[in-house]
Amino acid sequence: MRLWFPAVIFLLWLVLALFGPLFALSPDHIELSRILLPPDSHEWFGYDDLGRSLWDRLIVGAQTSFIVSIAVVTISLLVGVTIGALSAFVGGWFDHLVVRIIDIFLAFPGILLAIALAGLMGPGIDNVVIALCVVGWVGFARLSRAQVMTLKNRDHVQAAIALGAGRSRIIFKHLVPLIAAPLIVEATFAIASVVIAEAGLSFLGLGIQPPTPSWGSMIRDGTRYMLVAPHMVLVPGIALMLVVLSVNLLGDRLRDWLDVRTRDRN
Amino acid sequence: MRGTTGKRVVASILLLFSALLLSSCSAPDSGALRFGLSKMPVTLDPRFATDATSSRINRLLYQRLVDFNAVSMPVPSLASWQRLTPLHYRFTLTPDRPRFSNGERLTSADVAATYEFILDSRNASPHRLSLARSIERIETSGEAVIDFILKEADLLFPGRLGIGILPKSLIESGHAFNRSPVGSGGYQLAAWPDDTHLRLKRRSDQLLLEFIEVKDPSVRVLKLMRGEIDMMQNDLPPELIRYLSQQPGLNIMHGAGSNFAYLGFNMEDELTGVDKVRQAISLALDRDSIIQYVLGGAAQPANALLPPDHWAGAPALQQIPYDPEAARALLKPLGYTPDTPLLLTYKTSSDPFRLRLATVIQQQLAEVGIKVELKSYDWGTFYGDIKAGRFQMYSLMWVGIKLPDIFRYVFHSTAVPPAGANRGRFIDEETDRLIEAAESATTIKAQAVLYQQLQSHLLQRLPFVPLWYEDHVFIARDGVAGYTIARDGNYDGLLYVKQN
């Protein structure tokens with residue numbers, strides 16, 4: 001698949017999420033006489049079970065998924081990289097402890113842990129972010145630890161140590177910039193996973209609370225009307241699929257581009 | 001040679017796979033009539049049943065001394081009665097009463113044993129409270145006569161005897177009626193193999209009836225269309241009912257219901273305790289639109305807890321108008337406008353349909369300057385909060401109301417939970433006076449007049465906003481005949497249903 005397709009979808013998601021508030025949207029406006037009306041020339045995506053515009057709700061849902069995914073990936077990245085890099089650089093019992101903790105998190109299904117946490121803390125966008133961060137930092141920590149392990153004995157790092165540079169300076173000035181490429185690729189895949197996870201939690205009623213729309217809760221609402229109004233599931237379902245697919249494809253392309261061996265071959 | 005064998009193996013696998021697919025596409029045929037339920041009964045012991053499904057299925061398994069007619073007046077079922085004195089009721093069992101399903105003859109001793117078990121506080125029957133207030137003692141004479149001696153005069157007493165009768169011998173042996181019921185009703189238990197299937201056998205013609213639990217409404221509809229179930233009643237969104245009405249091979253029957261939906265308030269709260277706030281809420285609700293569009297027209301607007309055709313109902317009550325202007329005018333002197341709205345929390349169950357209704361109400365209230373925060377909980381948490389008074393506003397439904405003594409249970413100042421169901425903590429002298437006057441009336445007619453006055457008073461004070469009575473809908477495949485819908489939504493129609 002060519003690059004333009006995922007790029008267009010991704011840009012569309014970005015534009016809708018960032019500039020959505022500029023549109024005159026009324027995602028919660030109920031029009032009882034329009035309940036479950038199918039798409040037509042005036043309303044391309046039709047109406048939901050309360051006569052609300054699915055287009056308006058889709059855009060606000062895009063903002064929700066964008067905010068959650070950016071927040072979760074940013075926090076997970078910062079926490080994961082700090083822990084992973086520090087663990088690899090310090091080594092010893094601290095590294096052993098961090099590795100065991102990472103193993104425990106990896107042994108437990110991430111989404112199940114997020115469901116349990118969201119269930120314990122109660123529904124809401126902030127709790128969804130916390131729940132997904134708790135399971136999201138592990139991937140970044142493992143990757144950054146492995147990368148720092150291979151880099152920490154390089155000459156420039158040894159030179160920095162000899163010159164008396166502090167741990168944080170060495171890690172963030174001399175090591176992290178060198179592992180940025182694989183971390184960026186990992187982040188793109190994490191964005192796709194978080195979009196799916198947020199939709200899953202909202203589908204289960206543990207995410208964004210009504211009437212605020214999110215793609216997961218829109219799909220959940222639509223499943224009850226699959227027989228009479230399939231557009232209620234298809235509209236958010238296809239949007240979700242396209243965004244996740246495009247982010248994954250872009251991540252793939254980015255990985256290929258950053259890999260000098262693949263780039264040289266091409 | 002090797003290639004031919006490989007092709008044969010592949011062909012065999014494909015054939016087997018096709019056969020499996022085909023077999024999964026055909027509806028199972030056990031010869032039974034299959035009834036789809038959203039929820040299986042909790043217990044088949046009428047002494048402990050409180051949920052609607054258990055009560056409805058228990059009516060098929062057990063017979064009662066007394067039943068109710070179309071206007072909810074008690075009528076003889078297993079027994080006729082005489083009021084010998086205000087404190088003495090004599091019930092005489094009908095001579096042609098059916099035997100228990102274990103072959104034993106139903107006698108006065110069984111009736112006495114059933115009610116004595118319920119009255120014994122050690123057994124913790126949920127039905128004890130309403131009976132223990134009335135009954136002093138129970139005496140039997142002969143095989144068919146039971147005397148109930150009361151503590152205080154109670155005109156409604158026969159209506160309290162609607163609990164199924166169980167055989168004394170099995171009560172004494174501690175029989176587990178909850179899983180293996182033995183009654184004298186039209187059906188008897190055939191099998192209860194798992195938590196989603198319950199089979200009953202009709203005693204008159206051995207017709208097999210199977211209740212099948214299918215929680216999801218869409219799946220239930222698909223099973224009905226595929227012939228995996230033959231019929232079902234209620235628990236469907238109106239859109240699916242409309243969809244089914246367009247499908248061939250299905251018949252849909254509607255019937256007026258008495259299940260009463262309402263919006264309750266906490267009268268101790270500094271906001272919802274204000275009369276004008278509750279009046280504004282009642283005027284801001286466009287009940288007709290909700291009934292037309294969200295309930296698919298399958299409900300009747302309500303003005304009181306009892307339906308207008310109940311013998312103690314109040315058909316002359318003025319309908320609450322939809323008047324958002326008047327609602328805004330009531331809120332303005334209190335300092336609330338759409339720009340500076342009144343903030344309220346509204347609790348509801350997490351049932352999707354109830355949540356949908358609550359969202360519509362939320363929008364209608366927002367238009368007059370009441371900003372409502374919706375909070376939906378699972379049933380246990382929600383009901384716990386309501387009983388404990390942890391709410392400002394909530395919506396619920398009263399199901400199967402027959403006797404007007406519900407007013408004492410719901411509105412008397414002494415009925416605050418756990419003593420009763422005055423969940424809104426409504427304390428009102430005039431309400432107490434009217435309830436007590438109605439209870440001490442000497443004739444049913446005088447009692448009806450007083451209850452009508454009470455309902456008029458409640459409509460003025462608005463401790464709750466009456467919403468609507470939801471209709472019942474029964475859907476069956478072609479070939480199912482003879483079913484009638486009961487006003488309270490019971491399944492008595494299954495006593496006469498036929499499979500052509």
Side-chain angles (χ1 to χ4, degrees), chain A residues 25-38 46-54 56-57 60 115 118-125 127 201-214 216-234 237, chain B residues 215-226 235-247 285-297 322 345-346 348-367 371-378 381:
Chain A
L25 300 175
S26 45
D28 302 333
H29 179 72
I30 293 169
E31 198 70 60
L32 294 180
S33 59
R34 291 179 180 163
I35 283 177
L36 297 183
L37 283 185
Y47 295 88
D48 73 358
D49 58 334
L50 287 166
R52 298 174 294 197
S53 161
L54 276 181
D56 289 7
R57 293 182 71 72
V60 179
I115 289 169
L120 279 174
M121 294 186 293
I125 193 164
N127 289 344
L201 289 175
S202 295
F203 183 88
L204 295 171
L206 297 168
I208 314 307
Q209 285 298 282
T212 309
S214 97
S217 60
M218 286 170 75
I219 294 172
R220 180 194 58 199
D221 293 344
T223 54
R224 289 191 284 274
Y225 304 98
M226 275 290 281
L227 289 171
V228 287
H231 63 276
M232 269 188 73
V233 169
L234 291 177
Chain B
K215 287 188 191 297
D216 186 83
S218 297
V219 178
R220 217 176 316 128
V221 162
L222 289 170
K223 281 181 177 284
L224 182 75
M225 288 167 61
R226 270 176 37 82
D235 299 319
L236 284 183
E239 290 80 11
L240 284 181
I241 296 170
R242 207 175 302 132
Y243 170 76
L244 285 173
S245 69
Q246 294 157 0
Q247 306 304 312
L285 296 179
D286 185 359
R287 295 182 298 172
D288 290 338
S289 288
I290 297 176
I291 290 172
Q292 184 187 346
Y293 293 111
V294 186
L295 294 162
Y322 168 53
T345 54
Y346 174 1
T348 181
S349 75
S350 52
D351 176 83
F353 190 63
R354 300 294 147 197
L355 196 54
R356 189 180 170 197
L357 286 170
T359 312
V360 176
I361 289 173
Q362 181 188 39
Q363 153 127 344
Q364 292 185 349
L365 294 182
E367 285 168 10
K371 192 175 175 188
V372 166
E373 186 191 357
L374 276 185
K375 294 200 168 182
S376 68
Y377 300 93
D378 65 280
T381 311

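Sequence lines set the chain letters: A, B, ... in the order given, protein chains first and strands last, and positions in each chain run from 1.
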Side chain to side chain contact (heavy atoms under 4.5 Å, CB included) between B:Gln364 and A:Leu32, intermediate numbers included: CA-CA 11 Å; B:Gln364 292 185 349; A:Leu32 294 180; 4.3 Å; yes
CA sep, side-chain torsions, deciding dist, call: A:Ile35, B:Glu239, side chain to side chain contact (heavy atoms under 4.5 Å, CB included): CA-CA 9 Å; A:Ile35 283 177; B:Glu239 290 80 11; 3.6 Å; yes
Full working for side chain to side chain contact (heavy atoms under 4.5 Å, CB included) between A:Leu36 and B:Arg242: CA-CA 12 Å; A:Leu36 297 183; B:Arg242 207 175 302 132; over 6 Å; no
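At a 4.5 Å heavy-atom cutoff, the contact between A:Asp28 and chain B is made by backbone atoms alone. B:Val219 does not touch chain A: none of its heavy atoms, backbone or side chain, sits under 4.5 Å away. Contacts of B:Gln362 with chain A are made by side-chain atoms alone, with heavy-atom separations under 4.5 Å and no backbone atom involved. Neither the backbone nor the side chain of A:Arg34 comes within less than 4.5 Å of any heavy atom in chain B.
Between the side chain of B:Arg356 and the backbone N or O of A:Leu50 there is no donor-acceptor pair closer than 3.5 Å.
Heavy atoms only, all atoms of each residue included: B:Tyr293 and A:Ser33 are closest at CE2-CA, 3.6 Å. Residues A:Ile30 and B:Val360 approach most closely at CD1-CA, 3.9 Å, considering heavy atoms.
Within the 4.5 Å cutoff, no side-chain heavy atoms of B:Pro217 are placed close to those of A:Arg224. You'll find the side chain of A:Met226 stays beyond 4.5 Å of the side chain of B:Leu222, heavy atoms only.
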